Amino acid sequence: MRWSWLNNRFTVTFGTIFVLVVIWNVYISFHDHGLIEGRVVGSDGAPVAGATVTLSEQTLLVNQQRGKTTTDADGRFKFTGHHMHRPYLHAEKEGVGEFGPRQFPLYFQGEDLILKQPLELTARTS
Amino acid sequence: MTRGRRHWPVHFALALISALMLVPFYWVLKTSLTGENIFSYPPSLLPHEANPFYFVDVWYAIPFFRYLINSVVVSIMVVVANVFLNAMAGYALTRDFPGKAATIMLFLSCMMIPFQVTIIPAYLITAKLHLLNSYFGMALPLMSTIICIFIFKAAFEAIPHSLVEAARIDGVPDWQIMFRLIMPLTKPAIATNVILSFIWSWNSFLWPLVVVRDVNMQTLPLGLSRFLSVVEDTTGALYAFCVMVLVPGLLIFLLAQKEFIKGLTSGATKG
């Protein structure tokens, strides 16, 4: 009887929403370092070193380049400290090919993005 | 078994009509998840490549959380004031006093005056009280509604007079009779009042547009119009915004619908 208010549908509904919001914010706090990591490979699957990877932001209000880097010997690249929720990645290397620009939408600004699939450079026919 | 079989055509027809009524809401939800052009032909009934990222776009395109807090604060003020003030007015109308009939006629005639007609004097009064661009200023005109006063009046009149008289004989003051004896017995009327005042305040656009000066004090309907003016041709994000504005009102109604229906129909049958 004393705790019957806990069984009230308002308490259950808003309590559940509150708990979900807290859990989501805790998840965000552990995954918002602004990290984007990935690999660039050629059409044969071999890693491409020295490819230029460009990070840009294109949202409803903004269209701007935010970073540029080159891949290492293993074809890996890394960006840190981004504050975007719709990053675009574009990779290219002369003589090898081009990838993108392609969008990688995120669930919140600064979400860490570890690309599972490598960015595959393909030769573009003009 | 035979009774169920007899009624299936009625249930089928009602289910079909209900589904037709829900099509616009389904379409808004579907477009908010897919972003497809509403003018595309042929229109697809099922969502293709549904994703929640339009909701993320809306969250970051405008200060959505700030607008949400503003709407929640104003709505809570309106709901609390409505229940408190309308209950007192409804209780007063159940008592006999000189000019009671004239007062009721005055209330009924005021119901016929649209809010837009009174917006200029309302603005001047709010300005004189230095309440422009404030939560209280936004909530003030909505703090009492005549329809809800009559809902309370009808609910209070349904309570046996002998109960009230017995309390009065015991020396219980009027305000205690109302808040400790009568109000707990009129939960459907309270729920009706809560739902109606919440929905009216949540969807209120004209009065906040007139009163608010600061962008950070805007409520969700104003935020939606600002969103439309800033961004064009954003069907997915626009519909996502609509869904985000609709959900709280829908949630409140679904939680309190049983009491709401009871409150509206409590005077419909006698005995």
Side-chain angles (χ1 to χ4, degrees), chain A residues 1 4-29 31-36 55-64 66 81-89 100-113 115-117, chain B residues 32-35 49-65 68-69 72 75-76 79-80 83 184 187 190-191 194-195 198 215 223-224 226-241 244 247-260:
Chain A
M1 201 66 182
S4 63
W5 62 273
L6 282 174
N7 211 20
N8 181 280
R9 57 186 181 275
F10 285 91
T11 310
V12 169
T13 305
F14 289 109
T16 306
I17 291 171
F18 178 74
V19 167
L20 289 173
V21 167
V22 167
I23 290 171
W24 178 242
N25 278 279
V26 168
Y27 176 82
I28 289 175
S29 66
H31 295 89
D32 67 343
H33 307 101
L35 178 68
I36 298 179
L55 176 68
S56 57
E57 181 180 11
Q58 292 181 34
T59 64
L60 295 170
L61 304 170
V62 171
N63 185 353
Q64 202 170 340
R66 296 290 185 196
H82 83 87
H83 292 101
M84 296 175 277
H85 67 278
R86 276 201 186 261
Y88 277 72
L89 287 172
R102 198 183 136 197
Q103 182 188 200
F104 293 88
L106 304 173
Y107 288 101
F108 51 89
Q109 278 182 346
E111 185 185 0
D112 295 336
L113 175 64
L115 296 171
K116 292 188 181 68
Q117 299 291 329
Chain B
S32 72
L33 292 172
T34 59
E49 296 176 359
N51 65 83
F53 298 113
Y54 291 107
F55 293 91
V56 181
D57 285 338
V58 169
W59 186 265
Y60 290 116
I62 54 161
F64 184 87
F65 189 65
L68 179 68
I69 294 295
V72 168
S75 294
I76 288 174
V79 166
V80 170
V83 171
K187 281 184 185 162
I190 295 171
V194 165
I195 288 176
F198 179 83
V215 162
L224 179 59
R226 185 181 169 214
F227 182 78
L228 279 168
S229 67
V230 167
V231 187
E232 294 173 1
D233 190 27
T234 53
T235 312
L238 174 63
Y239 279 47
F241 197 146
M244 289 161 85
V247 162
L250 207 61
L251 189 66
I252 295 290
F253 178 77
L254 287 174
L255 286 172
Q257 60 176 320
K258 191 170 72 173
E259 285 84 0
F260 179 62

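Convention: sequence-line order gives letters A, B, ...; per-chain numbering from 1. In what follows, every heavy atom counts, from backbone to side chain, and hydrogens, waters and symmetry copies are set aside. In this text, all values refer to a predicted model and were calculated from it rather than measured experimentally.
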Q: Could you tell me whether Asn7(A) atom CG has more than 12 heavy atoms of other residues or ligands within 6.0 Å of it?
A: no
Q | Closest non-hydrogen atom pair between Leu106(A) and Phe53(B), with its separation | A | O-CD2, 3.4 Å
Q. Among all residues two or more places apart in sequence or in another chain, which pass the ring-ring contact (aromatic ring centres under 6.0 Å, His included) test with His31(A)?
A. Tyr27(A)
Q: Could you tell me the separation between the CD1 atom of Ile252(B) and the CZ atom of Phe10(A), rounded to the nearest 0.5 Å?
A: 6.5 Å
Q) Is Tyr88(A) atom OH crowded by more than 12 heavy atoms from other residues, nucleotides or ligands, each under 6.0 Å away? A) yes
Q) Measuring heavy-atom distances to chain B, does Phe108(A) have an atom under 4.5 Å in its side chain, in its backbone, in both, or in neither? A) both
**Q.** Sub-4.5 Å side-chain heavy-atom contact between Thr13(A) and Leu254(B)
**A.** no
Q | Pairwise side chain to side chain donor-acceptor pair (under 3.5 Å) hits with a residue in residues 54-65 of chain B, at least two apart | A | His85(A)-Asp57(B), Arg86(A)-Asp57(B)
